[in-house]
Structure formats: C-alpha cells, structure tokens
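Each remark here refers to the structure printed beneath this line.
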Amino acid sequence: MIEIELDGNKVEITEGSMIMHAAEKAGTYIPHFCYHKKLSIAANCRMCLVDVEKAPKPMPACATPVTQGMIVRTKSEKAIKAQKSVMEFLLINHPLDCPICDQGGECQLQDLAVGYGGSESRYEEEKRVVPVKDVGPLISMQEMSRCIHCTRCVRFGQEVAGVMELGMSHRGEHAEIETFLGQSVDSELSGNMIDICPVGALTSKPFRYSARTWELSRRKSVSPHDSTGANLVVQVKNNKVMRVVPFENEEINECWIADRDRFSYEALNSDDRLTSPMIKQGGQWKTVDWQTALEYVANGLKQIKADHGASSIGALVSPHSTLEELCLAGQLVRGLGSENIDYRLRNAEFAGAEGIRYLGTSIASLSHLQRALVVGSNLRKDHPLFAARIRQSARKGCVLSAINSEAFDWAMPIVNSVVVPASAWVQSLADIAVAVAAEKGIEAPSTGQATPDAMAIARSLIGGERKAILLGNAAAHHGKASSLLALANWIGGQTGASVGYLTEAANTVGAQLANAMPGAGGKSAGQMLSGGLKAVLLLNSEPVFDAAGGPELVHAFNQSQLVISLNPFKANLELCDVVLPISPYTETSGTFVNAEGRIQSFHAVVKPLGETRPGWKVLRVLANLLGLPGVAFESSKDVLDHIASTMAESDTRVKASLLGNQTKAAIDLSPEPCEPVVASIYQLDGLVRRATSLQLTTDARVAVDQQTHEEVAS
C-alpha cells in the first residue's frame, strides 16, 4: 500500500493505482468525462487535471500513478483554472441546444459546465457539424455534433461487448465517432453505450423525445428474461413504463444490462396486450367480467375431473413466471388430484433430477475463471451478461474451451473448440473424460478416445485453479441431458472444476424450487404436449413458440375440452377456450431465483393495465372457487413465506439443494437423433417477441430468416 496526501487528507491506496482511484476511495469527486471505472484509461478529455506538488503542470488524475508521499490538490487555484480551460475547449464546437437535447437533465457535460464553464464564449467561428448516422433501431446517433470524443462507447465495444463496432476516424476538429462502412451497431449489449455516453450524442431511439428525465419516477425491479437476474431501474411517467436502465449490483450484472432487458418494455403497452377476460363461444371471442370467466373455468375443471378423472388435467407453466405463480399453479393442479405440471417446455429428456440444476458457482466468479468448458451454448446470445463476465476472464488469460454444433462467434478467444453435431456431444465429453483418466492414471467412466482435442481440453481443465464446466441451454434441452451432466460431474470431480447449468430463464431455478415438475405418475411437458389432456392450463406460456414441438402443437390441443391461458398478451387464441389477463413483471409483485440461486423479490412499478390482475391472485381466487384448502393468501409475500415454510430454512434449504447438480443416470453414448430446441435471443419469451425495436435488430431478422429456411427445407 502507498500513502498519499489528497486535499490535506492521508489516503492509503494500492501501488499502481491512479490518483482518480485514490480520490474515489476518499470520496473526493474529480470532474471527468472519459474515465469510467469499468473501462480502460484513455486520458483524452483532460477534464480531470489536478495539481500535483512538484509537477510542472496539472496532471490528469485518471492516468497519473500514485507514488509514496505524493501531494495532490484537486481544488487549488491551479487545478480549477486548468479544468475551466479544458471545459472552454470542450464547448468550442458543442451545439447550444440543451433545451431540445434528449439528454437534458442527466447530462454530465451540462452538469459540469455549470461549475466549470464560462458565462460566454471567446470563440466566434462557426461550429462544426457532424453528419447524421443511422446505426440501427436501438441507438440514435442523430446529434453526433454533441460528441466530445471521450471514446467511452469505443472502449465499451472493445472491452465489454467484445466487438469494436464504433471507432474514431480522422483527427483534430475533423474527428468523429462512426461505424465505418455504414454498418449498424448489433451487439446484444449495445444499449449500455447510451448509459455511459456523458453527453447527448448517443441516445435511446425508442425512448427519444418521449419524456424528460425529471418527469420520471424510478423504481427498482428484476429482469424477467434470462437467468442473470439483472437488477433494473424502471422509469415511469403517468403510470406507463417509459424506460428501463441498469441498477448497479457488482455481484450480478455490475452496471450493465442486455438489450432485451432494456428495450423489452415496448411490449408492455403494445396493442397485443390482453386487458379483459375473454371466453370463446361459437368460435367467436366474447369479453366477459372476471367473475364470469373464473366461474366458467372452475365449473369446467370440476366437470372434466368428474368425467375423465384428475389425471386428464395438466398445466404447462413458463419458467419466466414468478416463484409465487409457479407455487400456486402447482397447488391448484395438485389440489385437483393431478401431478401433471411442468416448466420444461423445450426439453427432450424429462428424467427426475437429484438436487437443483443451477450454475454451480457464483455469477461474480465467472469474471475470474482460469479455465472454462462450455457445452451446448451460443453463450453470447443466450446469456449476454454471463458472456461479458467470461470475456473478462478471457482477457486475463482464461483458457476457454467449447463443444457446440457450430462455431459461434462469442467475441472472445476460444482456445479449444470441438464442433460436432449435437448427437455426438455425449461422446465428445466421454472422450474428454477418457483423456482426463489417461492424464491422471485412473479408470474412465465410459468408453471413448483421447483425441487431440479431448487431450487439449483435459489438460487445460487439469491445470489452473479457478475452473468451471458450464452446460448451456442446448445441453439442458438435449435428449441425453442426464448423460451430459453425469460426464460433466465426473470430469469436474477429477479436475476440481465447478459444474453447473447456465439455465435458460429468469426463474428456471425457481421453478425447480417450487416443484413445478410432475410427481409420481404425473405427465411431463413432452407427454402433455403430445395430446391426451382434457383440460390444460397455460401459465405465461405460448406452446407454439415456447415448446419443442413448435407450430405443430396446435393439433395436440384439439383433443382438449378446456384450454385456459393466463397471459399478459392476446396469446394462444387459436388454442384456447378462455384467456385471462395477468400482469407482466412491471404490474405485479413477485420473486425470481437466478442461475446462482439468489432469491430476488420485486414490487409492481405501475398499476395493472385495464382489467389485468396479478397472476398469483388469479390462481388463488380460482383455487378458492374450486374449494381447495391452504390458499388463503393476502399478498405475494404470504405466498413466499409459505414457500419458505415448506423448506426447513429458506436460504439454507436453497443453498443445500443447489449443492446438488447431480445425477445418478447411466451414461448413454448412443447418438441422439433429435436436435435440441433453443430459443434465439429475441424469441425467448412473450415480452421480447412483442418488443418492436428488438424485432427490427439484425439478430431478430437473422433468426426469422433461419427459421423460414428450416421450415422450407423440412
């Protein structure tokens, strides 16, 4: 540690740190634009000039290393004069359009200009104008004349997103940020450039000119999409969600969110929202009140149970539902005497699991791995924020290996890549197990060949200290998922690597904790989707999009007498007899359990739209109408407390369960003929599917083109 004097106070800081780091530790603010704690140091705005004793001129705090006994003054006359001079230069070409700037009210330049800017400019020359650029549906670069060339956006692309989509061309007054060759910005993390831009050069295209920052109220929430459980700040005006930005949490999402977390709010106020209960009569949809709809459903379920037995009733629930909704759906189905409930809509194998299938380590640890093997995942698109963390590890030298059916671009160096059909993944892992056994002189768990690729991966896993074997969405949905897990567990046990699933959805782990899976004698999602049920409850799920069978599943529901959809949107209309509008995550309180097993509860940020009601309330009232016991809950917290009481001690039980990730299944090396079904980045759930701007992105268009090609080929 080194001790310096900062504005008369002693500060101890690690050797190699910069003055800016010492100031942050001491709680002293130094004005800056280009410096960002998550990005490399550029030192190109010079706004952070400070007075260092014995230095001939002011020094940039962000790029000046501390030395023992250094004396720094951040508020001396010399420092303030230097900072004001820099501000004068920054404003030479800046347009005087604060009143109409979309960044007004949250602009770093605007804030600092109040303290360090002059009352008038000494420059009378014409200000430069930068041409307008169109870089896609998410980011607006309409006013690049405001850019101060801090290069935060450029460095973010290179260092966090892994793709240098923006760069600075030319020099001096001709310098400008552009994409080159007229390309769009297509990174799945691109929206973070809007947050880190200190001026109004990069703004949100969907949010543009829709509200002023001081008109918005801010409320915390949790992302309902992938399994990161990113913490959000939802900004609201007149009971309408206007914008979503990250809430900083170093242990989960740091200060970033994925674009689908940021822009999916567009679906919340779309024309596709369902605002009243509806019943299909004579092939026509009729709007009814809640009492009529719920009594219709309750009487229908009672009649079907009497005529066909409880085993003819089942529920297909989405892992994007809250813990409370999943718990009550299970209580309703089981209260009727059925064990037919499942969240694993895209799975091909439905073996019972021992313990909870989860990440197997903390999310934060992904940033510090030395060795990693990823099986069956397009990591960058399936889990953008996990990919960003593993990218940090790769930049520090992590040896990254992958087994996939195609060579995906993860925007990070993959040292060992095995590209084989999904049917050969089990054999590929078996080969790695054989190679590990050969290196350690022990017996392998199955037959295989120690191929050069297998040996390279085995040696990388045996070396190093912090190691992880991560099974992706395709591995979880694979027809031989248990064999993959069994082999991964054996390899992890022999090499000291953690083993876990990246997990697909916001509440995949929560669905397991809520036991949203069939019990003894119950039907799995695959069996229910094959037909045979007389009554089907669809909770937040759209089988045509969310299930492995896809559009062909329409025929499976023809045998059903009653299909009930609980959904925020006009979904499943071709399948259903009753649709009940339930609240999306912004209009209900609830709980998600992320990939690492972290329980995160959230509150509603706006009132329900129209006649929409929270899903847990609808399920509770329906259970009451059916005369089921044990559902007298007054709030979602009561449901959560009930879930906790069924576990010995909630947190202890969760952590103990999460130690599982085990399977005693026999290893089956025979090829699996079916390709695992995985949702593309902007088809994951109903919200992103209905977010207009996300569906205009290159990723969404490529996915649609690929699906069309596959349908034509079949």
Side-chain angles (χ1 to χ4, degrees), residues 1-90 106-118 148 150-152 155-156 159-160 195-196 198-199 231 246-256 362 364-365 367-368 389 392-393 395-397 465-466:
M1 299 291 283
I2 286 176
E3 185 177 83
I4 70 168
E5 183 182 306
L6 183 72
D7 291 339
N9 300 314
K10 301 293 184 182
V11 180
E12 280 194 351
I13 191 72
T14 308
E15 187 175 1
S17 300
M18 304 296 162
I19 293 174
M20 184 70 81
H21 301 143
E24 285 181 340
K25 183 177 180 180
T28 300
Y29 178 74
I30 298 175
H32 60 273
F33 294 113
C34 69
Y35 172 77
H36 190 282
K37 64 183 179 181
K38 293 291 182 181
L39 303 177
S40 63
I41 292 169
N44 54 9
C45 77
R46 318 307 281 184
M47 190 64 209
C48 64
L49 293 176
V50 293
D51 180 6
V52 179
E53 192 169 276
K54 297 182 181 178
K57 59 183 181 180
M59 304 296 289
C62 69
T64 304
V66 294
T67 58
Q68 181 63 39
M70 175 185 275
I71 299 175
V72 181
R73 301 180 184 89
T74 66
K75 297 176 175 63
S76 67
E77 183 181 349
K78 183 178 179 181
I80 297 296
K81 183 179 179 182
Q83 291 162 359
K84 287 187 174 182
S85 296
V86 169
M87 178 60 73
E88 184 177 24
F89 280 120
L90 287 173
E106 53 186 3
C107 173
Q108 205 172 334
L109 180 66
Q110 191 178 54
D111 293 342
L112 292 179
V114 173
Y116 299 90
I148 60 171
C150 70
T151 68
R152 279 186 179 182
R155 284 174 285 145
F156 172 84
E159 298 163 18
V160 180
D195 291 337
I196 62 176
V199 296
N231 289 196
F247 181 84
E248 186 171 346
N249 188 327
E250 280 298 313
E251 295 181 330
I252 302 176
N253 55 297
E254 300 177 275
C255 56
W256 317 120
S362 68
S365 71
S367 299
H368 307 288
R389 283 194 178 271
Q392 291 178 40
S393 294
R395 288 171 62 86
K396 298 171 194 169
E465 295 179 359
R466 298 181 295 276

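The analysis underlying the following values was restricted to heavy atoms, covering all of them including side chains, and did not include hydrogens, waters or symmetry mates.
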Q: Begin from the C-alpha positions of C62 and M18 and carry the test side-chain contact (heavy atoms from CB on, under 4.5 Å) through to its verdict.
A: CA-CA 6 Å; C62 69; M18 304 296 162; 5.8 Å; no
Q | Carboxylate-amine/guanidinium contact K38 E159, below 4.0 Å | A |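 So K38 does not pair with E159 through a salt bridge.
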**Q.** Test item: I252 and N231 side chains (from C-beta on) under 4.5 Å apart, heavy atoms
**A.** yes
Q: Assess the side chains of T28 and D7: does a donor N or O sit below 3.5 Å from an acceptor N or O?
A: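 The criterion, which ignores hydrogens and geometry beyond distance, is not satisfied for D7 and T28.
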**Q.** Pair E254, Q392: side-chain N/O donor-acceptor within cut-off below 3.5 Å
**A.** yes
**Q.** Result of checking L6, V72, I19 against V11 for side-chain contact (heavy atoms from CB on, under 4.5 Å)
**A.** L6
Q: Decide yes or no on side-chain contact (heavy atoms from CB on, under 4.5 Å) for I2 and T14, but give the supporting numbers first.
A: CA-CA 6 Å; I2 286 176; T14 308; over 6 Å; no
Q) More than 12 heavy atoms of other residues, nucleotides or ligands under 6.0 Å from CD of Q68: is that the case? A) yes
**Q.** E77 atom CD, neighbour heavy-atom count above 12 within 6.0 Å
**A.**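 Atom CD in E77 is not crowded, with 12 or fewer foreign heavy atoms closer than 6.0 Å.
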Q.
For Y29 together with H32, are the ring centres under 6.0 Å from each other?
A. yes
(Q) Go through it in stages, so that I can follow the logic: the residues are M47 and Y116, the test is side-chain contact (heavy atoms from CB on, under 4.5 Å), and I'd like the CA-CA distance, side-chain angles, deciding distance and then a yes or no. (A) CA-CA 10 Å; M47 190 64 209; Y116 299 90; 3.8 Å; yes
Q. Can L112 and M87 be said to form a side-chain contact (heavy atoms from CB on, under 4.5 Å), step by step?
A. CA-CA 8 Å; L112 292 179; M87 178 60 73; 3.7 Å; yes
Q: Please report the shortest heavy-atom distance between P65 and M70, naming the atom on each side.
A: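 Here P65 and M70 meet closest at O-CE, 3.2 Å.
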